[in-house]
2 protein chains.
Amino acid sequence: MAHLQHRPGQGRRRASHSMESVLTEAVALLDEAGAHALTFRALAQRLGGGVASIYWYVANKEELLDRATDHVIGKVLADIEALPGGDDPVDDLRAMALTLFDAIVDRPWLGAYFMRNTDVQGNSLRLYERLGQQTLRLDLSARQRFHAVSAIVGVVVGSAVDMGQEPPKEVLDGAVDRDEFLGRYAQAWRELDPGDFPFVHEIVDEFDGHDDVDQFRSALDLTLAGLRLQAGA
Amino acid sequence: MAHLQHRPGQGRRRASHSMESVLTEAVALLDEAGAHALTFRALAQRLGGGVASIYWYVANKEELLDRATDHVIGKVLADIEALPGGDDPVDDLRAMALTLFDAIVDRPWLGAYFMRNTDVQGNSLRLYERLGQQTLRLDLSARQRFHAVSAIVGVVVGSAVDMGQEPPKEVLDGAVDRDEFLGRYAQAWRELDPGDFPFVHEIVDEFDGHDDVDQFRSALDLTLAGLRLQAGA
DNA sequence: GAGTACGATAGAACAACGTTCGATACGAGG
DNA sequence: CCTCGTATCGAACGTTGTTCTATCGTACTC
């Protein structure tokens with residue numbers, strides 16, 4: 001059987017893209033349905049064009065992800081640069097980290113790709129620089145400053161990864177909400193032997209219905225308290 | 001053309017697996033060539049059997065990954081339980097976290113999958129419990145204990161993720177070693193405008209040729225210092 | 001010992017994905 | 001009108017996770 005031929009004359013219009021539109025639609029896909037939803041075919045359909053056209057703008061999927069992340073990190077950077085800024089550099093660091101974390105709460109997929117490639121992702125480097133500039137106001141060695149910023153980014157990424165893993169599709173469908181999902185885990189934990197798992201029993205009520213932002217803020221504050229101590233303030 | 005028929009008589013022997021052998025070979029694949037090397041076909045070939053046989057032991061790839069990580073976390077847990085243990089609970093926490101991190105240094109793929117599903121991964125839960133038991137020796141509220149352990153795990157995961165991303169295959173082939181890879185980044189950073197990037201210039205020498213373990217230890221110590229402060233010790 | 005039920009294995013096929021290829025449209029400049 | 005570089009697209013390729021269906025081998029039953 002002969003293959004169907006494409007008839008150019010009365011076919012559909014050709015689509016006209018741009019780097020901007022490609023990234024915007026890619027981010028929209030990621031926002032709407034998570035990382036696994038961003039495929040070249042889905043993106044092409046959204047753009048009203050062909051699959052191969054996207055490859056004119058990006059070399060491969062990794063670069064697509066990198067550019068998409070950089071695209072939204074740009075807005076986060078703008079938010080961070082718009083922060084008032086006060087007397088205490090540690091407080092400023094705290095505000096910056098919280099702004100970054102808020103953005104990841106809104107876009108859980110960010111956590112997985114953020115800070116992967118500072119080569120293409122120029123905005124990540126600028127964000128890194130902005131955090132570091134606050135440490136310049138502290139009495140620290142260069143090595144301590146380097147480690148301090150790495151630690152803060154590590155706390156953000158660590159919490160974000162914990163948060164970014166997609167719930168097992170019952171809660172994504174809305175059939176089960178997050179609290180009930182957490183409650184099931186909590187219930188399973190409560191049924192463990194208290195002799196073998198004293199700590200789990202101690203904190204199970206805290207775990208049940210806990211807030212991710214609280215958890216992150218606490219972790220961040222521990223690091224910042226350590227930093228304050230190190231800076232001798 | 002007719003398909004070739006499988007002749008059972010003089011064909012090769014049937015393979016005989018076990019949960020143990022499946023996980024062992026899966027871990028071996030992960031160790032040898034990273035996460036992308038673990039495919040059902042590669043694993044089946046290693047086991048000398050068919051692809052579908054693996055599905056008798058695990059429901060899907062996610063469960064395979066979960067069980068594989070749990071398999072090696074079991075050894076880490078044994079190492080941690082074998083730790084001497086001293087007067088200071090914070091020091092013990094430090095030793096535990098370092099043991100865990102060492103295991104991730106040996107197996108970078110661990111960082112990405114560790115602590116994803118405590119349902120199947122019973123050893124992760126036990127590890128979590130072990131960390132938590134140290135906080136029971138500190139003067140903290142239940143919520144503070146919960147947040148403390150989350151923070152420590154967050155620091156480990158945050159550093160591990162930073163470390164776990166596969167280098168761009170030049171260093172994996174051995175054509176370029178890690179120091180040279182870091183050096184290229186450092187060089188690019190040095191060429192940035194010092195007015196726009198004062199912090200990057202401040203720490204570029206620290207970044208160049210830095211040690212991941214040092215970086216992790218510093219981040220961990222900041223968190224632990226904050227924890228000590230919180231416990232009022 | 002013939003029959004059977006079940007644990008276990010396996011090849012083939014399927015759908016979806018990232019990626020490549022070759023062809024083709026389009027506008028600007030000669 | 002022709003040409004060239006930019007931009008687009010359908011079709012195909014190879015690989016992946018997964019499912020289907022058929023089979024083997026062993027232990028147990030009558």
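Excluded from the calculations below are hydrogen atoms, water molecules and symmetry mates; all remaining heavy atoms, backbone and side chain alike, are included. Each chain gets a letter, A, B and so on, in the order the sequences are listed, and its residues count up from 1.
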Participant: Between C1' on C/dT19 and CD on A/Glu63, what's the gap in Å once rounded to a whole number?
Facilitator: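 Rounding to the nearest Å, CD of A/Glu63 and C1' of C/dT19 are 14 Å apart.
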
Participant: Counting heavy atoms from C-beta on, name the nucleotide in D/dA7, D/dG17, C/dT19 closest to the side chain of B/Arg41.
Facilitator: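 Between D/dA7, D/dG17, C/dT19, the one nearest the side chain of B/Arg41 would be D/dG17.
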
Participant: Please report the distance, rounded to the nearest Å, between CD1 in A/Ile54 and P in D/dC9.
Facilitator: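 Rounded to the whole Å, the gap is 10 Å.
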
Participant: So if I take every side-chain heavy atom of A/Ser53 and compare against D/dT8, C/dT9, D/dT18, which nucleotide ends up nearest?
Facilitator: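 Shortest atom-to-atom distance from the side chain points to D/dT8.
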
Participant: Would you indicate, yes or no, if C/dG18 has its OP1 or OP2 atom less than 4.0 angstrom from a side-chain nitrogen or oxygen of A/His36?
Facilitator: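 So the side chain of A/His36 is outside the cut-off, no N or O lying under 4.0 Å from OP1 or OP2 of C/dG18.
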
Participant: Of the listed nucleotides (C/dA8, D/dG17, D/dT8), which one gets closest to any side-chain atom of B/Tyr57?
Facilitator: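 Shortest atom-to-atom distance from the side chain points to C/dA8.
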
Participant: Name the nucleic acid region contacted by A/Leu38, choosing base, sugar-phosphate or nothing; use a 4.0 angstrom heavy-atom cut-off, strictly under.
Facilitator: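 Sugar-phosphate contact only.
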
Participant: Between D/dG10 atom C1' and A/Tyr55 atom OH, what is the distance in whole Å?
Facilitator: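 After rounding, the reported distance stands at 15 Å.
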
Participant: May I have the distance from B/Phe40 (atom CZ) to D/dT15 (atom P), rounded to whole angstrom?
Facilitator: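 Going from CZ in B/Phe40 over to P in D/dT15 covers 18 Å.
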
Participant: Just say parallel, tilted or perpendicular for the rings of B/Phe207 and A/Phe146, cut-offs at 30° and 60°.
Facilitator: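 Ring orientation, 0 to 90° scale: perpendicular.
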
Participant: Classify A/Ala15 by what it touches in the nucleic acid, base, sugar-phosphate, or nothing, heavy-atom distance under 4.0 Å.
Facilitator: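 It contacts sugar-phosphate atoms only.
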
Participant: Measure from the side chain of A/Lys61, starting at C-beta and using heavy atoms only, and say which of C/dG7, C/dC17, C/dA10 lies closest.
Facilitator: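 Between C/dG7, C/dC17, C/dA10, the one nearest the side chain of A/Lys61 would be C/dC17.
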
Participant: Measure from the side chain of B/Ala52, starting at C-beta and using heavy atoms only, and say which of D/dC20, D/dT18, C/dT19 lies closest.
Facilitator: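 Looking only at side-chain atoms, B/Ala52 lies closest to D/dC20.
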
Participant: Between C/dC17, C/dT9, C/dT24, which nucleotide gets closest to the side-chain atoms of A/Arg14?
Facilitator: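 Of the options given, the side chain of A/Arg14 lies nearest C/dT24.
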
Participant: So what does A/Leu43 touch, heavy atoms closer than 4.0 Å: a base, only the sugar-phosphate, or nothing?
Facilitator: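 If one applies the 4.0 Å heavy-atom cut-off, A/Leu43 turns out to touch nothing in the nucleic acid.
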
Participant: A/Trp56 CH2 to C/dC26 P: how many Å, rounded?
Facilitator: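 These atoms are roughly 18 Å apart.
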
Participant: Nearest-nucleotide wise, let me know which of B/Ser18 and A/Asn60 is further upstream toward the 5' end of DNA chain C.
Facilitator: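 Looking at the nearest nucleotide for each, B/Ser18 comes out on the 5' side.
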
Participant: In this structure, are over 12 heavy atoms from other groups packed under 6.0 Å from A/Gln45 atom CD?
Facilitator: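 At most 12 heavy atoms, drawn from other residues, nucleotides or ligands, come within 6.0 Å of this atom.
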
Participant: Does CD belonging to B/Glu81 count more than 12 external heavy atoms closer than 6.0 Å?
Facilitator: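 Yes, CD of B/Glu81 has more than 12 neighbouring heavy atoms, counting only those of other groups under 6.0 Å.
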
Participant: Ion pair present between B/Arg178 and B/Asp212, side-chain N to carboxylate O less than 4.0 angstrom?
Facilitator: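 Here B/Arg178 pairs with B/Asp212 in a salt bridge, since their nearest N and O are under 4.0 Å apart.
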
Participant: Taking only the side-chain heavy atoms of B/Thr39 (C-beta and beyond), determine which of C/dA8, C/dT19, D/dG17 contains the nearest atom.
Facilitator: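 Taking heavy atoms from C-beta onward, the closest nucleotide is D/dG17.
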
Participant: Could you check whether B/Gln215 and B/His210, counting side-chain N and O atoms only, form a donor-acceptor pair closer than 3.5 Å?
Facilitator: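 Looking only at side-chain atoms, B/Gln215 and B/His210 do form a donor-acceptor pair, the distance falling under 3.5 Å.
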
